[in-house]
Chemist: 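Just dropping this structure here.
Letters A, B, ... are given to chains in the order of the sequence lines, protein chains preceding strands, and every chain is numbered from 1.
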Number of protein chains: 2
Amino acid sequence: MSGHKPQPLENAMRPAALPEQLRIACAQCNLVELCLPVGLPANDLKKLDTLVSVRKRVKRHQALFESQAPFEALYAVRLGSFKTVLTLTDGREQVTGFQMTGELLGLDGIGSGRHAVTAIALEDSEVCVIEYAQLEALAQEIPALMTQFHKVLSREIVREQGVMTLLGSMRAEERLAAFLLNLSQRFATRGFSPNQFRLRMTREEIGSYLGLKLETVSRTLSAFQEAGYLRVDRREIVLLDREGLRQLLYPERTDPANATAP
Amino acid sequence: MSGHKPQPLENAMRPAALPEQLRIACAQCNLVELCLPVGLPANDLKKLDTLVSVRKRVKRHQALFESQAPFEALYAVRLGSFKTVLTLTDGREQVTGFQMTGELLGLDGIGSGRHAVTAIALEDSEVCVIEYAQLEALAQEIPALMTQFHKVLSREIVREQGVMTLLGSMRAEERLAAFLLNLSQRFATRGFSPNQFRLRMTREEIGSYLGLKLETVSRTLSAFQEAGYLRVDRREIVLLDREGLRQLLYPERTDPANATAP
DNA sequence: CGGGATATTGAACGGCATCAACGTGCGTGG
DNA sequence: CCACGCACGTTGATGCCGTTCAATATCCCG
């Protein structure tokens, strides 16, 4: 994958060469449009490569980093997917996010120097390791990188505000509809079908993220199927009526007369 | 108030023609320990002053900025307090945070160039205006400022994760206890009593933040008073048993044996 | 191939929302 | 300055949505 081949080929041939660490280059990564370097000119990308040169593999159910552990690096998901979990002192857990390819992990550690959440791979995955000290240094040199990094941080803040709203004022149906539409959109962004995908997480993990019990997630999915919005078989989802789900989320504005500003 | 130095400008040098904008200086601001410039050396503080030179007054119930409006500046609360509100297309609202002196507003706008939330003053307030373009430029010059800014952003991410957990997995009593303890701690940080304070927000706003209805907030406060945790009179709160509230939050695990079914 | 993890579905319960009535302090205007 | 009106807060009664408890099915994964 670190070669001159124009096409990435993902899982084509990967001899069991390097177990944990692999060299790569942002400039040749097909995720460059989704990841931290969005919009950086080619020469800046080269500098970034000096920094992001190590990949790390994380097996399914394994932790990339643990809550309370010293913060040293950010991680860009290169392959696979993760969940981040916040654990209360009494053992209750809250899933605070699901991360797909191109998304960053570890932003929660910058403020205190320790990770606030635990990141766990939902499937066998790979991340690019971004030493934070080096990133700071490089951001000092490359204004565009600093700007981009601020945007990433800000967008994470906005994403979480969205989840707060979901948790604070939506009903179970709406929460799940919002969740599915969000997943759908993220798959589409990555070049996959927005209408057919495989959930990487369990009902319980979805429930934790949405503030629901796994039984409620299961029941609501069944209800959606019953209503013709989708078909569900275990973790396979086929969305049959995205617009219907969206209307669930944003209750009727059918009448153009009272259709106000967006 | 500011220290030994003769009281700066305030409205001195400015002709009274400017009711909205006032000159100030970070170096003389008593909030310097809470605000963005935490830990900056004196000479860097001076540079920051070239940037943060305008104050703005916002009257109670007035918006500092509106959702969807173009993002141009961050705001540091100098006096008073604010709430940030996210409005759904169907009109439902979610309070995503309450900001006290020294805290920053507007971080949500960096990512998209537009504000995601509306910021409304809970009482007559004043903010320092921090032009974002200038902040970026200065952060490029002053590594310590950039680092500090990243920490502020990261801490906001962590704070929101805490709220997500509260909304996703806590009961009404726990949510309110967590809220009161958080307020208490923030008042203490600002040199006020942690045991006695005045709520700046209505029951409805608290409820919106905590994902509860205002009646539930009211009832739960009454229940806390009944239980001896606090005294409440309208918006005046006297905490009588902070430790008790804390135990409510983190259920006692004194004996693992009987820690199971009731 | 076996067993634990995962998922579905049903029945009953309970916490919080909803609906409603009333009390009260505060700002506004007469 | 006082009285009015209204936003804000409290409390009660009732009902619903999601949880809890439980039983069963099924699929991976080792």
Side-chain angles (χ1 to χ4, degrees), chain A residues 59-62 83 92-95 120-124 166-180 198-227 230-237 248 251, chain B residues 59-62 83 92-95 120 122-124 166-180 198-227 230-237 248 251 260-262:
Chain A
K59 289 218 196 104
R60 184 182 166 164
H61 294 165
Q62 204 183 345
K83 65 171 175 181
R92 277 180 293 187
E93 292 190 346
Q94 172 79 15
V95 171
I120 294 180
L122 296 175
E123 56 196 312
D124 292 355
L166 178 148
L167 291 170
S169 66
M170 288 187 179
R171 303 156 8 92
E173 269 192 356
E174 298 174 300
R175 295 184 198 191
L176 196 62
F179 174 71
L180 291 172
R198 176 182 171 74
L199 300 173
R200 262 63 176 186
M201 64 293 282
T202 68
R203 303 289 191 266
E204 185 168 24
E205 287 162 339
I206 296 172
S208 174
Y209 183 61
L210 298 179
L212 301 170
K213 290 298 158 184
L214 69 93
E215 294 95 328
T216 304
V217 173
S218 183
R219 267 187 259 272
T220 307
L221 274 178
S222 298
F224 281 174
Q225 178 165 253
E226 195 70 18
L230 50 77
R231 277 191 298 122
V232 51
D233 175 33
R234 310 284 294 167
R235 298 195 184 179
E236 291 297 333
I237 300 282
L248 250 180
Chain B
K59 288 218 195 106
R60 182 181 157 151
H61 293 165
Q62 204 183 347
K83 66 171 174 179
R92 277 180 292 185
E93 293 191 345
Q94 171 79 17
V95 171
I120 293 180
L122 296 176
E123 56 196 312
D124 291 355
L166 177 149
L167 292 170
S169 65
M170 288 187 180
R171 303 156 4 94
E173 270 192 355
E174 298 173 301
R175 295 184 197 191
L176 196 62
F179 174 71
L180 292 172
R198 176 181 171 74
L199 300 173
R200 262 62 176 187
M201 63 294 284
T202 68
R203 303 288 192 265
E204 186 169 22
E205 287 162 339
I206 297 173
S208 174
Y209 183 61
L210 299 179
L212 302 170
K213 290 298 157 185
L214 68 92
E215 295 95 327
T216 304
V217 173
S218 184
R219 267 187 258 272
T220 307
L221 275 177
S222 299
F224 281 174
Q225 180 165 250
E226 195 70 17
L230 50 77
R231 278 191 299 122
V232 51
D233 175 35
R234 312 279 295 163
R235 297 195 183 181
E236 291 297 333
I237 300 283
L248 249 181
T260 44

Chemist: Can you measure A:M201 atom CE to D:dC28 atom P for me and round it to whole angstrom units?
Modeler: 16 Å
Chemist: Mark yes or no for whether A:R200, through its side chain, and A:L122, through its backbone, hold a donor-acceptor pair below 3.5 Å.
Modeler: no
Chemist: Has B:R235 got a side-chain N or O lying under 4.0 Å from the OP1 or OP2 atom of D:dG9?
Modeler: yes
Chemist: Under a 4.0 Å threshold between the charged nitrogen and the carboxylate oxygen, would A:E236 count as salt-bridged to A:R198?
Modeler: yes
Chemist: Side-chain contact test, heavy atoms from C-beta onward, threshold under 4.5 Å: evaluate it for B:R175 versus B:Y209 and give yes or no.
Modeler: no
Chemist: Between A:E174 (side chain only) and A:R171 (backbone N and O only), is there a donor and an acceptor less than 3.5 Å apart?
Modeler: yes
Chemist: From CG of B:L221 over to P of D:dC8, roughly how many Å is that when rounded to an integer?
Modeler: 16 Å
Chemist: Check the distance between D:dT19's P and A:R203's CZ and give it to me in whole angstrom.
Modeler: 15 Å
Chemist: Output the rounded distance in Å from CG (B:L199) to C1' (D:dC8).
Modeler: 13 Å
Chemist: Taking any heavy-atom pair under 4.0 Å as a contact, classify A:R60: base, sugar-phosphate, or nothing.
Modeler: sugar-phosphate
Chemist: Kindly compute the distance separating CG (B:L221) from CG (B:L230), expressed to the nearest 0.5 Å.
Modeler: 6.5 Å
Chemist: Which nucleotide in the list D:dG9, C:dA7, D:dT10 gets nearest to the side chain of B:S222?
Modeler: D:dT10
Chemist: Roughly how many Å is it from CD in A:E236 to C1' in C:dA7, rounded to a whole number?
Modeler: 15 Å
Chemist: Can you check the A:Q225 CD to C:dA7 P distance for me, whole Å?
Modeler: 15 Å
Chemist: Would you say B:L167 and B:Q94 make side-chain contact, with heavy atoms under 4.5 Å?
Modeler: yes
Chemist: Tell me, do A:I206 and A:L176 make a side-chain contact under 4.5 Å, heavy atoms counted?
Modeler: yes
Chemist: A:E226 CD to C:dG10 P: how many Å, rounded?
Modeler: 10 Å
Chemist: In whole Å, I'd like the distance from the CD atom of B:E204 to the C1' atom of D:dT10.
Modeler: 15 Å
Chemist: Taking N or O atoms only and anything under 3.5 Å, show me the protein contacts with nucleotides 17-24 of chain C, one pair per line.
Modeler:
| residue | atom | partner | partner atom | Å |
| --- | --- | --- | --- | --- |
| C:dA17 | OP1 | B:K213 | N | 3.2 |
| C:dA17 | OP2 | B:K213 | N | 3.4 |
| C:dA17 | OP2 | B:T216 | OG1 | 2.2 |
| C:dT18 | O4 | B:R219 | NH2 | 2.8 |
| C:dC19 | N4 | B:E215 | OE2 | 3.2 |

